Number of protein chains: 2
Amino acid sequence: MTVTLADVAARAQVSPATVSRVLNGNYPVATSTRERVLRAVDELDYVLNGPASSLAAATSDLVGILVNDIADPFFGIMAAAIQSEIGGPGGRAGGERLGVVCNTGGSPERELTYLTLLQRQRAAAVVLTGGAVEDTAHASAVSAKLRKLAEAGTKVVLCGRPPAPEAAEAIALTFDNRGGGQQLTEHLIGLGHRRLGYIAGPQERTTTRHRLEGHRDALAAHGIEDDPRWTVYGRYDRRSGYEATLELLRRDPSLTAVVAANDTVALGACAALRDSGLRIPDDVSVAGFDDLPFSIDAVPALTTVRLPLSEAGARAGRIAMGREEPPPGGIATVRGELMVRGSSGGPRL
Amino acid sequence: MTVTLADVAARAQVSPATVSRVLNGNYPVATSTRERVLRAVDELDYVLNGPASSLAAATSDLVGILVNDIADPFFGIMAAAIQSEIGGPGGRAGGERLGVVCNTGGSPERELTYLTLLQRQRAAAVVLTGGAVEDTAHASAVSAKLRKLAEAGTKVVLCGRPPAPEAAEAIALTFDNRGGGQQLTEHLIGLGHRRLGYIAGPQERTTTRHRLEGHRDALAAHGIEDDPRWTVYGRYDRRSGYEATLELLRRDPSLTAVVAANDTVALGACAALRDSGLRIPDDVSVAGFDDLPFSIDAVPALTTVRLPLSEAGARAGRIAMGREEPPPGGIATVRGELMVRGSSGGPRL
DNA sequence: CTGTTAGCGCCTTCAG
DNA sequence: CTGAAGGCGCTAACAG
C-alpha cells in the first residue's frame with residue numbers, strides 16, 4: 001500500500017542504500033544517480049517513514065520546545081523564535097527538522113511527562129523556556145531527566161530559565177530578572193515613590209522570586225522598609241493583577257505605585273485602579289515586566305522592562321541545533337532594558 | 001547501553017510480548033505478571049523506544065497542531081485547548097500522546113512542510129487552525145496532502161478554518177466570520193454610523209475575506225454605499241492597524257467608525273486615533289474581532305465579536321482523538337457573540 | 001492469559 | 001561511488 005524506500009530503489013534502478021544516501025545527503029552520490037532517484041521519489045510520491053528512519057539511525061528530527069503557557073505571548077514569542085531557527089535545513093532526512101512546542105501549563109507533572117515523551121521519541125534537542133518550579137523534589141526529577149536526555153544524545157537548552165544545578169549538560173540562557181526588577185524599582189524610587197505595592201507571580205516560581213528580590217534589593221538600597229502588606233502573590237494573568245491591586249489598596253490606600261510581576265498582571269492592575277477611581281500615573285504609578293507588544297498600547301503606555309525574547313529564543317534555537325557555540329561555562333545572562341513610559345510618574349503629594 | 005524491552009522481559013521473567021502488552025495496556029495481562037513487569041521497568045529505568053514502537057505499530061502517538069502565529073493569543077488559546085484534550089490518556093504506549101504545535105508563520109510552504117513532516121512521523125492526528133490562504137495552487141496542494149494523511153490513517157480536523165472542498169475527509173469546525181462581521185457592523189449602523197472605515201487582514205486569507213463580506217453585507221442591507229476608500233488591507237498586527245487607520249483618516253477624515261479585522265489591529269487603530277487627537281468613541285467608534293483577553297482592558301474597552309476559541313479548540317481536540325462524534329456532514333459552524341463595550345457609541349454630529 | 005515468530009522500513013558497516 | 005546484508009526495538013498475529 002504505502003510506498004517504501006525499496007520501491008523507489010526499484011524504480012530508480014539502484015539499491016535501497018543509494019536511495020537512503022541521496023535522501024540523507026550525507027554521503028557522496030553521483031549527480032546522475034541522484035537525479036534519477038529524486039525523480040523516482042517524485043513520481044512515486046514517496047514519503048520517508050520517520051519512525052523507521054529514527055529507529056535505524058537511533059535519533060530523530062524532533063526538537064521539543066516546552067512552554068508554561070502557550071496562550072501567553074511571552075512564551076509564544078520565544079517559541080516562534082526558537083522554532084524559526086529549528087525549522088530550517090540541517091536535519092537528517094531531507095534536511096528538515098520538526099520543531100514542536102509542548103504546553104506544560106506550568107504543571108511539573110506535565111513537564112516531566114513531555115520530557116519523557118520526548119525522550120521516548122529520541123528527540124534531537126529539547127529547549128525548556130521560562131521559569132522553573134522551585135519544588136525540590138520536582139526540580140531534581142527534572143534535572144535527572146535532563147541528564148538522561150543529554151546522555152542519550154539529546155541537546156538540552158534552557159531559555160529564560162535558571163541553570164539546572166544538577167544537570168550541568170544543559171546550556172542555559174538566563175534572563176536577569178533580578179537586575180530588571182531592581183532597575184524598575186530604582187526608577188520608581190528615583191521619581192520619589194516611597195510606598196510601593198508589589199504584585200508577585202506564583203510563589204514557587206524562580207521568575208517570581210528573582211523579580212521580587214530585585215525589587216527588594218532596590219528598596220533596601222534606598223533604606224526603604226518593605227512593609228509586608230505591600231506584597232501580594234498571584235498568578236501571571238490579568239485577573240490576578242486586578243484582584244491583587246484591590247487587595248493592596250485595601251491594605252494600604254496610601255500606596256503611590258504598583259509594580260507588577262509582568263505586563264499582563266500590570267494591565268489588570270491598571271483596570272483595578274481605574275475602577276477604583278484612581279488616575280495613572282497621577283494618583284498611582286504602574287509598572288510591568290517583559291514589554292510584550294500590547295504594553296505600548298495600554299493607556300497610558302506601560303513602563304516596563306524589555307526582555308529580548310525573540311533574540312534569546314533565536315539564540316537558544318541555534319545552540320540547540322549546534323549552529324552556534326554555547327556560551328562559555330554553558331551559562332549566559334540576558335539582560336533586560338528599562339522602558340520608561342507614561343504609566344509611571346512622580347507620586348501624588 | 002540503552003535498556004530495551006527485552007531486558008525488561010528478562011528481568012521480569014516473561015516474554016517481550018508480555019511486556020509490550022502491559023505497557024500498551026491493550027490486552028489482558030494477569031495482575032501479578034503486570035506488577036512484576038512494572039517493577040522491572042522501574043528498576044531498569046526503562047523508556048520505551050518511540051520510533052521502534054511506531055514502526056512496528058504503523059502509527060505514532062504524535063498529534064500535530066498547526067497554527068499561523070504562535071505568538072498571537074488567538075492561536076495560543078486554541079492550541080492550549082486542543083493540546084489539553086490530547087495530552088490526556090488514550091494514546092497507545094502508556095496512554096500518553098504528544099500534542100505538538102507547529103508554527104507556520106502563515107506561510108503556505110511551511111504549512112506544507114510541516115504537514116509532510118507530520119506525515120513522515122505517521123502522526124495519529126493533525127489539527128489545522130485559523131484561516132487558510134486562498135491561493136488556488138497552494139490550496140489544492142494542502143488538500144491533496146490532507147487527503148493522503150487521511151488515507152494513511154491520520155485524523156484530520158480543521159478548527160476555525162473553512163472546510164477543504166477537495167479533502168472531504170477533514171472534519172471542519174468553522175467560525176462564522178461572515179456572520180460575526182455582519183453583526184458587528186449592524187451594531188454600528190444601528191448606532192447611527194454611515195461612514196465606516198474597514199481595516200482588513202491580509203488579502204489572500206479566508207478569514208479576511210469572510211469578515212469583510214459580513215461587513216459589506218450589513219452595509220448593503222442598509223443601503224449604505226461602500227466607498228472603496230473606506231477599506232484598507234493590512235496584516236493581523238497592531239502596527240498594521242495603526243498605519244491603516246492613519247491612511248483611512250487621510251482618505252476620509254469624516255469617518256465616524258473604524259472596524260478592524262481583529263482585536264490586535266483594533267488596538268493599533270485606537271492608538272492611531274488617539275495620536276491624531278481623536279476621542280474614542282466620541283469622535284470615532286472602534287470595533288475589533290475575537291475578543292481576546294486584553295480587549296476588555298483597552299481604554300475604552302473594545303466592542304468586538306467573541307469567538308469561543310477555547311471551546312472550539314477543545315472540541316476539535318476531542319474529535320481528533322475520537323472521543324467525540326464529528327458533527328453531521330463533517331462540518332459545524334461555530335458562531336461568535338457580539339460584545340458591545342465602550343469603544344462604540346453614537347457618531348459625532 | 002502467555003510465549004514464539006516474523007517482520008515494520010530504514011541505515012550502515014563492509015565489500016566491491 | 002554503489003550494492004549486499006544485518007539489525008535497530010517493538011508489535012501483532014498465531015499458537016498454546
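Hydrogens, waters and symmetry mates are skipped; everything else that's a heavy atom, side chains included, is used. Within every chain, numbering begins at 1; the chains are lettered A, B, ... in the order of the sequence lines, protein sequences first and strands thereafter. Model, not experiment: these values are computed from the prediction.
Taking 4.5 Å as the limit, every side-chain heavy atom of A:V126 sits out of range of all side-chain heavy atoms of A:V157. Between A:M78 and A:V67 the shortest side-chain heavy-atom distance does not fall below 4.5 Å. Contact of the A:L146 side chain with the A:E169 side chain is not registered, since no non-hydrogen atoms from C-beta on lie closer than 4.5 Å.
The phosphate of C:dC8 (OP1 or OP2) has no side-chain N or O of B:S54 nearer than 4.0 angstrom. Taking side-chain N and O atoms only, B:S53 has no distance below 4.0 Å to OP1 or OP2 of D:dG9. Distances shorter than 4.0 Å separate some side-chain N or O of A:S15 from OP1 or OP2 on D:dG3.
Here A:V19 lies out of heavy-atom contact (under 4.0 Å) with every strand. Residue B:L55 is in base contact, counting any heavy-atom pair closer than 4.0 Å across all strands shown. Residue B:A30 is classed as a sugar-phosphate contact, given heavy-atom separations below 4.0 Å to backbone atoms only.
A donor-acceptor contact closer than 3.5 angstrom is absent between the side chains of A:K148 and A:Q119.
When distances are taken from the side chain of A:R21 to each of C:dC10, C:dT2, C:dT13, the shortest belongs to C:dT13. Checking C:dG9, C:dT2, C:dT12 against the side-chain heavy atoms of B:T33 singles out C:dT2 as nearest. Here the side chain of A:A17 is nearest to one of D:dC8, D:dA4, D:dT11, namely D:dA4.
In this structure, CG of A:N24 is placed 16 Å from C1' of D:dT2, rounded to the nearest angstrom. One atom, CD of B:Q13, and another, P of C:dG3, lie 10 Å apart when rounded to the nearest Å. A:L23 places its CG atom 15 Å from the C1' atom of C:dT12, with the value rounded to the nearest Å. One atom, CG of A:L5, and another, C1' of C:dG9, lie 8 Å apart when rounded to the nearest Å. Spacing between atom CZ of B:R36 and atom P of C:dC1 amounts to 14 Å, rounded to whole angstrom units. Atom CG in B:N49 sits about 17 Å away from atom P in C:dG9, given to the nearest Å. In this structure, B:L48 places its CG atom 14 Å from C1' of D:dC8, rounding to the nearest Å.
Formation of a donor-acceptor pair under 3.5 Å by the B:Q83 side chain with backbone atoms of A:V101 is found in this model.
Comparing B:T18 and A:V47 against DNA chain C, the residue whose closest nucleotide sits nearer the 5' end is B:T18.
In this model, no side-chain donor or acceptor of B:R122 finds a partner on the base of C:dG9 within 3.5 Å.
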